[in-house]
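Here's the structure we're looking at; comments come further down.
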There are 2 protein chains.
Amino acid sequence: MARRNDHSRDEIREMALKAAETIILEKGKDGLSARKIAQEIGYTVGTLYLIFKNLDDLILHVNGRTLERLYEKLSSEQQSSSDSKTALLQLAKTYINFAENESNRWKVVFEHRAQTDNTTPEWYQERVGKMFTAVETHLSRLAPHKSPSEIKDAARALWGGVHGICMLALTDNLDITGVESADTLTQSLINNYLAGFTAG
Amino acid sequence: MARRNDHSRDEIREMALKAAETIILEKGKDGLSARKIAQEIGYTVGTLYLIFKNLDDLILHVNGRTLERLYEKLSSEQQSSSDSKTALLQLAKTYINFAENESNRWKVVFEHRAQTDNTTPEWYQERVGKMFTAVETHLSRLAPHKSPSEIKDAARALWGGVHGICMLALTDNLDITGVESADTLTQSLINNYLAGFTAG
DNA sequence: ACCTGAACACCGTTCAAGT
DNA sequence: ACCTGAACACCGTTCAAGT
């Protein structure tokens, strides 16, 4: 063995990330290990360390892809919305559906973020930031008299709120039943928040 | 060795939970292991398994104690509040301060919840439920015309929102700076939400 | 240059055996 | 009855050695 050259570095990289995503999908983060990924793609553990700094780095890239997929979902649904309020409600619906459908992958984004306190690369921060841009756009349409920093804060308050309901629902900490209720709660949050925000 | 009887079962149990809390405080969940707990309390790993079902069970009890401490903090601050709106804002402040001060322990509550999907014991659910009761009480005072189920939903929407901002701030996912901002955002969330909720 | 295989220092969990 | 010690089946990570 050694010197096989069956796959390019980029191919191995892609295979590894795909394998990791599949394992997380099926077994959650606890089911993931470098050895399992390696076995899945037909290489040795050592090979993974030629491509990724370590397992945390690999998971960081998995999470980057998850955020990318969410962003695609969010941006594909926001063109034909009549008004900005409806658009925001629709964004929240999409957000929650994504989190529910990709539940295991979605949880990893935040579990992993919580544990490793190394500085996050800029490409990652950018993807998180993109998720707020659409919200800010709609909010500034609904409240044109607000300053940019007020809009920025509002987007973070409101979307942090949507996220919180979503995560608590996903982890069964809200004493509610499933997605349908999570959806009801976010709609209530957004409607009431907007009532206060646009009036104030 | 064997048959030492230096400590009662309950004493060992308490020592183990305390040791686990200290390790989590200092190194986070990743720094925790059964072997380290055992070493810290001067017993063998095997002993831990005579008292706890497994490490997940031990962590569950650590989390139960964390929730209990939060509840004490929350209930100690809510006596003299003039009106219910101020009381809710104060509750959120206390909540965020607790999460920030006990950051490592607080994260474990939700990381662990996210990974193990075994049914949670009722004593745990009760502690989570207690956290919502105070919120419900204040909300029903502010909006006496709402039905109990509307109040319940509102409490979950609003507090899920507070929680979301709190967690995103703690994990650096909000592009804001620290606790102060998390506090500003929750105050904004609560104020605007209440404006809509009490008017509707 | 590319990849392996074996090593190192860890894990969680179990359970026969010691007192 | 209470606790140990050693075992089992796993980990992440590194790196000399093979082709």
Side-chain angles (χ1 to χ4, degrees), chain A residues 1-17 19-24 26-63 108 111-118, chain B residues 1-17 19-24 26-63 108 111-118:
Chain A
M1 306 107 219
R3 190 205 266 269
R4 313 188 335 183
N5 244 338
D6 290 349
H7 305 278
S8 74
R9 229 176 165 71
D10 278 355
E11 280 170 337
I12 298 179
R13 188 191 163 81
E14 177 66 21
M15 288 160 66
L17 290 174
E21 284 175 334
T22 305
I23 294 170
I24 289 171
E26 287 170 358
K27 320 247 181 187
K29 194 198 179 189
D30 280 358
L32 188 73
S33 78
R35 282 176 156 94
K36 279 184 197 156
I37 296 170
Q39 198 194 351
E40 194 73 29
I41 66 174
Y43 279 82
T44 313
V45 242
T47 304
L48 290 177
Y49 286 83
L50 298 173
I51 295 170
F52 299 96
K53 204 176 140 234
N54 50 38
L55 192 61
D56 273 354
D57 183 40
L58 192 155
I59 295 175
L60 186 70
H61 283 90
V62 169
N63 288 343
V108 176
E111 287 166 28
H112 190 253
R113 205 76 185 74
Q115 291 180 349
T116 62
D117 39 11
N118 353 345
Chain B
M1 308 112 215
R3 186 202 274 265
R4 314 188 334 185
N5 242 339
D6 290 348
H7 305 277
S8 74
R9 228 175 165 73
D10 278 354
E11 281 170 337
I12 298 179
R13 188 190 163 81
E14 177 67 21
M15 288 159 67
L17 290 174
E21 285 174 334
T22 305
I23 294 170
I24 289 171
E26 287 169 358
K27 319 247 182 188
K29 195 198 177 188
D30 280 359
L32 188 72
S33 80
R35 283 175 156 93
K36 279 184 197 154
I37 296 170
Q39 198 193 349
E40 194 73 30
I41 66 174
Y43 278 82
T44 313
V45 241
T47 303
L48 290 177
Y49 286 82
L50 298 173
I51 294 171
F52 300 97
K53 205 176 139 233
N54 50 38
L55 193 60
D56 273 354
D57 183 40
L58 191 155
I59 295 175
L60 185 70
H61 283 89
V62 169
N63 288 344
V108 176
E111 287 166 29
H112 190 253
R113 206 75 185 73
Q115 291 179 350
T116 63
D117 39 13
N118 352 344

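Naming: A, B, ... by sequence-line order, numbering from 1 per chain. Just so we're clear, the structure is a prediction, and the values are computed from it rather than from any experiment. Keep in mind that the numbers below use all heavy atoms, side chains included, and drop hydrogens, waters and symmetry copies.
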Give the table of side-chain donor-acceptor pairs shorter than 3.5 Å for residues 36-43 of chain B, with sequence neighbours excluded, one pair per line with atom names and distance.
residue	atom	partner	partner atom	Å
Lys36(B)	NZ	Gly31(B)	O	3.0
Tyr43(B)	OH	Arg4(B)	NH2	3.1

Item checked: Gap between atom CG of Leu17(A) and atom CG of Asn63(A) - 0.5 Å precision -> 10.5 Å
Next item on the list: Report yes if a side-chain nitrogen or oxygen of Lys36(A) is closer than 4.0 Å to either non-bridging phosphate oxygen (OP1 or OP2) of dC10(D); otherwise report no.
Entry: no
Check: Can you tell me how far P of dA9(D) sits from CG of Asn54(B), to the nearest Å?
Finding: 20 Å
Check: What's the spacing between Arg35(A) CZ and Leu48(A) CG if we round to 0.5 Å?
Finding: 11.0 Å
Check: Nearest to the side chain of Arg4(B) - dT4(D), dT13(C), dC3(C)?
Finding: dT4(D)
Check: Say you draw a straight line from CD of Glu111(B) to NE2 of His112(A); how long is it, rounded to the nearest 0.5 Å?
Finding: 10.5 Å
Note to self: What is the separation between atom CG on Asp57(B) and atom C1' on dG12(C), rounded to the nearest whole Å?
What the structure shows: 14 Å
Next item on the list: Would you kindly give the NE2-to-C1' distance between His7(A) and dT4(C), to the nearest whole Å?
Entry: 15 Å
Notebook entry, point to check: Can you find a heavy atom in the side chain of Ile12(A) that is under 4.5 Å from one in the side chain of Leu50(A)?
Noted result: no
Note to self: Among residues 39-49 of chain A, which ones have heavy-atom contacts with DNA chain C below 4.0 Å?
What the structure shows: Tyr43(A), Thr44(A), Gly46(A), Thr47(A)
Check: What residues form a salt bridge (Lys or Arg N to Asp or Glu O under 4.0 Å) with Glu11(A), not counting sequence neighbours?
Finding: none
Check: Atom CD1 of Ile12(A) to atom C1' of dT4(C): distance rounded to whole Å?
Finding: 12 Å
Next item on the list: May I have the distance from Arg35(B) (atom CZ) to dA9(C) (atom P), rounded to whole angstrom?
Entry: 14 Å
Check: What pairs with Asp10(A) under side chain to side chain contact (heavy atoms under 4.5 Å, CB included), at least two apart in sequence or on another chain?
Finding: Ser8(A), Arg13(A)
Checklist line | Listed nucleotide nearest any side-chain atom of Leu50(A), set dG12(D), dC3(C), dC3(D) | finding: dC3(C)
Next item on the list: Indicate yes or no: at least one non-hydrogen side-chain atom of Lys27(A) is less than 4.5 angstrom from one of Leu32(A).
Entry: no
Item checked: Separation of atom CG in Asp30(A) from atom P in dC11(C), rounded to whole Å -> 16 Å
Item checked: Value in whole Å for how far the P atom of dT14(C) lies from CD1 of Ile51(B) -> 15 Å
Notebook entry, point to check: Does some side-chain heavy atom of Thr47(A) sit less than 4.5 Å from a side-chain heavy atom of Phe52(A)?
Noted result: no
Item checked: Leu55(A) side chain, from C-beta outward: closest of dT4(D), dG12(D), dG12(C) -> dG12(D)
Checklist line | Stem regions touching DNA chain C, defined by at least 3 consecutive Watson-Crick or wobble G-U pairs below 3.5 angstrom | finding: C:4-8 with D:12-16, C:12-16 with D:4-8
Margin query: Regarding Arg9(A), tell me which of base, sugar-phosphate or nothing describes its non-hydrogen contacts under 4.0 Å with the strands shown.
Written below: nothing
Notebook entry, point to check: In whole Å, what is the span from the CD1 atom of Ile37(B) to the P atom of dG12(C)?
Noted result: 8 Å
